[in-house]
Amino acid sequence: MKKIRVLVVEDSPVFRQYLEHIIAHDPRLELVGTVETGEAALQILEQVAPDVISMDIRLPGMNGFEATQKIMRQRPTPVVVISASLENADLRITMNALQAGALTVLEKPAGVASNGYEALAERLCTQLAIMSQVKVVGRRIETPVAPRFDNRFDDRPTVNASGRRLLLGVASSTGGPGALVRLLGGLGSEFPSPILLVQHIAGGFLEGFASWLGEVCPFPVEIVRNRSVLAPGKIYLAAQDHHLYAERGFVRAGRAEPVCAQRPSGTVLFESIAAVYGSEAIGVVLTGMGDDGASGLLSVRRRGGHTIAEDESTAVVYGMPAEAVRLGAVSESLPLPSIAPRILELTGIRRKAA
């Protein structure tokens, strides 16, 4: 079996040695280079031709965000961000790296003697192996793609008396931060509906993700820790390791068992939206690995809600959207640039011409 070629970009000698050790002992992986800076990584990128890159965030010279940007331009390669610090500056760099094209973020173990060290090592190697299979590109497809419709259900609008959809639910995973910026930015600050969001993110990074999302999108972001009143034009995320549930006029967080191996789960969110809002809801599944969200989206569609999956032409990972399409859960598949305009149409909003 051909081994997966790994390039390590890490300035800490201790952690660099740790990565060299665990990669050398994983039969799936082959270490093809270790460098201390992003500049050095770019110099050897073509020569070593890695299948995946382990990227530190705080580096001398260009940081991990800048290095990821340049890698995606020079030789698009799957990047796994490794971050040791949960300080605001480092979290912002991490989230910007995810927007620039990095696929996921993992937390560095505190040390070889720390609790859960072996489990973290196994998870890191497994993530490198999984992400190496993602076919990343330097620039997502921007040419218009006609929507693909699934007519297994009658999707004629059956909404509330105002004729508008009242709630938007979104689920995303690998590649999600960049897709969310495009989607949410396209909705504009006057978007009239609450936005309930499930984004799979590593433990410890939720607060930074929420803060960053509030900076790069035109909406305030709230992390729901118990129960909150729904407000128009506001994004709601569940507290760490909690599911997100829609209620009539409210949203709450809860600690039920994981679904589709996820907590929060897009399927849990969509099922609650279907039960409470039915035809007044819009459900969207964006890029992501696995099948989370698909069966929940089917519930939304069966209750008369309008459901959208990101088209394969733009999805970084066409896993979650593909499963939703396979189940017949999708009213229409749209490329990412077309999703926000379609949502605005469904909610009765017309964007002003620039």
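The side-chain heavy atoms of His306 and Glu332, taken from C-beta on, include a pair separated by under 4.5 Å. Phe270 is listed as a side-chain neighbour of Val285, based on a closest heavy-atom distance under 4.5 Å. At least one side-chain heavy atom of Leu327 sits under 4.5 Å from a side-chain heavy atom of Ser295. Side-chain contact between Gln69 and Asn96 is absent, with no heavy atoms from C-beta onward closer than 4.5 Å. With contacts defined as side-chain heavy-atom distances shorter than 4.5 Å, the pair Leu187/Phe219 qualifies. With contacts defined as side-chain heavy-atom distances shorter than 4.5 Å, the pair Leu103/Gln127 does not qualify. Proximity of Val6 to Leu19: side-chain heavy atoms (C-beta onward) are nowhere separated by under 4.5 Å. For the pair Val198/Gln262, no side-chain contact is recorded, criterion being any heavy-atom separation below 4.5 Å from C-beta on.
Taking Glu207 as the reference, Arg225 meet the side-chain hydrogen bond (donor to acceptor under 3.5 Å, both in side chains) condition, with sequence neighbours excluded.
A pairwise comparison of heavy atoms in Gly188 and Pro218 identifies C-CG, 4.0 Å as the closest pair. Between Met62 and Ala67, the shortest heavy-atom contact is SD-CA, 3.6 Å. Between Glu10 and Ser12, the closest heavy-atom pair is OE2-N, 2.9 Å. The two atoms that bring Ala41 and Val9 nearest to each other are CB-CG2, 3.7 Å, heavy atoms only. Closest of all the heavy-atom pairs between Ser83 and Ile57 is CB-CG1, 4.3 Å. Between Glu66 and Gly61 the shortest heavy-atom distance is OE1-O, 4.4 Å.
Within the model, atoms CG of Leu286 and CG of Leu336 stand 6.5 Å from one another, a figure rounded to the nearest 0.5 Å. With values rounded to the nearest 0.5 angstrom, Asp311 atom CG is found 8.5 Å from Ile339 atom CD1. Put simply, CD1 on Ile273 and OG1 on Thr307 are 12.0 Å apart, with the number rounded to the nearest 0.5 Å. Atoms CD1 and CG, from Ile223 and Leu237 in turn, are 6.5 Å apart once rounded to the nearest 0.5 Å. Within the model, atoms CD1 of Ile23 and CG of Leu124 stand 7.5 Å from one another, a figure rounded to the nearest 0.5 Å. If you take CH2 on Trp212 and SG on Cys217, they are separated by 6.5 Å, rounding to the nearest 0.5 Å.
Ser132 contributes a side-chain N or O that, together with a main-chain N or O of Ala129, makes up a donor-acceptor pair within less than 3.5 Å. In terms of modelled atom types and a separation under 3.5 Å, the side chain of Ser54 and the main chain of Val8 share no donor-acceptor contact. Panel note: side chain Thr287, backbone Ala315; no donor-acceptor pair is recorded below 3.5 Å. The backbone N or O of Gly33 lies less than 3.5 Å from no partner atom in the side chain of Arg5, so there is not a single donor-acceptor pair. No donor-acceptor distance shorter than 3.5 angstrom exists from the side chain of Gln133 to the backbone of Ile130, with no hydrogens or angles considered. Side-chain atoms of Thr174 never come within 3.5 Å of backbone atoms of Gly288 as a donor-acceptor pair (strictly under, hydrogens ignored). The backbone N or O of Gly328 sits less than 3.5 Å from a side-chain atom of Arg301, completing a donor-acceptor pair. Judged by distance alone, with hydrogens and angles left aside, the side-chain atoms of Ser172 form no donor-acceptor pair with the main-chain N or O of Gln199 at under 3.5 Å. Looking at Glu222, its side chain never comes within 3.5 Å of a backbone N or O of Val224 through a donor-acceptor pair. No side-chain donor-acceptor contact under 3.5 Å links Tyr277 to the backbone of Val300.
Heavy atoms of other residues, nucleotides or ligands lying less than 6.0 angstrom from CD of Glu215 number more than 12. Other residues, nucleotides and ligands contribute over 12 non-hydrogen atoms within 6.0 Å of the CD atom of Gln74. Surrounding NZ of Lys3 are more than 12 heavy atoms belonging to other residues, nucleotides or ligands, all under 6.0 Å away.
Tracing side-chain contacts under 4.5 Å through hydrophobic residues (I, L, V, M, F, W, Y), one never reaches Val268 starting from Val276; they form parts of separate clusters. Side-chain heavy atoms closer than 4.5 Å link hydrophobic residues (I, L, V, M, F, W, Y) into clusters, and following such links, possibly through other members, connects Val221 to Phe191. Under the 4.5 Å side-chain heavy-atom criterion for grouping Ile, Leu, Val, Met, Phe, Trp and Tyr, Leu91 is connected to Phe65 within one hydrophobic cluster.
Asp241 and Arg263 are joined by a salt bridge, as a carboxylate oxygen and a charged side-chain nitrogen come within less than 4.0 angstrom of each other. With respect to the salt-bridge test (charged N to carboxylate O, under 4.0 angstrom), the residues Glu122 and Arg28 qualify. Taking a cutoff of 4.0 Å between a charged side-chain nitrogen and a carboxylate oxygen, Glu280 and Arg248 qualify as a salt bridge.
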inquiry  = Under the criterion side chain to side chain contact (heavy atoms under 4.5 Å, CB included), I'd like the reasoning laid out for Val14 against Tyr18: C-alpha separation, chi angles, the key distance, then a yes or no.
reply    = CA-CA 6 Å; Val14 173; Tyr18 158 74; 5.8 Å; no
- Query: Can you check side chain to side chain contact (heavy atoms under 4.5 Å, CB included) on His242 and Arg252, steps first, answer last?
  - Reply: CA-CA 10 Å; His242 283 64; Arg252 67 178 176 88; over 6 Å; no
Ile235 vs Ile195, side chain to side chain contact (heavy atoms under 4.5 Å, CB included): CA-CA, chis, key distance, verdict | CA-CA 5 Å; Ile235 298 170; Ile195 303 165; 4.2 Å; yes
| request: Please test Phe205 against Met95 for side chain to side chain contact (heavy atoms under 4.5 Å, CB included), starting from the C-alpha separation and ending with a verdict. | output: CA-CA 9 Å; Phe205 293 95; Met95 296 307 152; 3.9 Å; yes
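Between the side chains of Asp292 and Ser265, at least one donor N or O lies within less than 3.5 Å of an accepting N or O.
Ring pair Tyr245/His243 is perpendicular by interplanar angle, where above 60° counts as perpendicular and below 30° as parallel.
Of the candidates Pro194, Ser193, Pro232, Leu167 forms a side chain to side chain contact (heavy atoms under 4.5 Å, CB included) with just one, namely Pro194.
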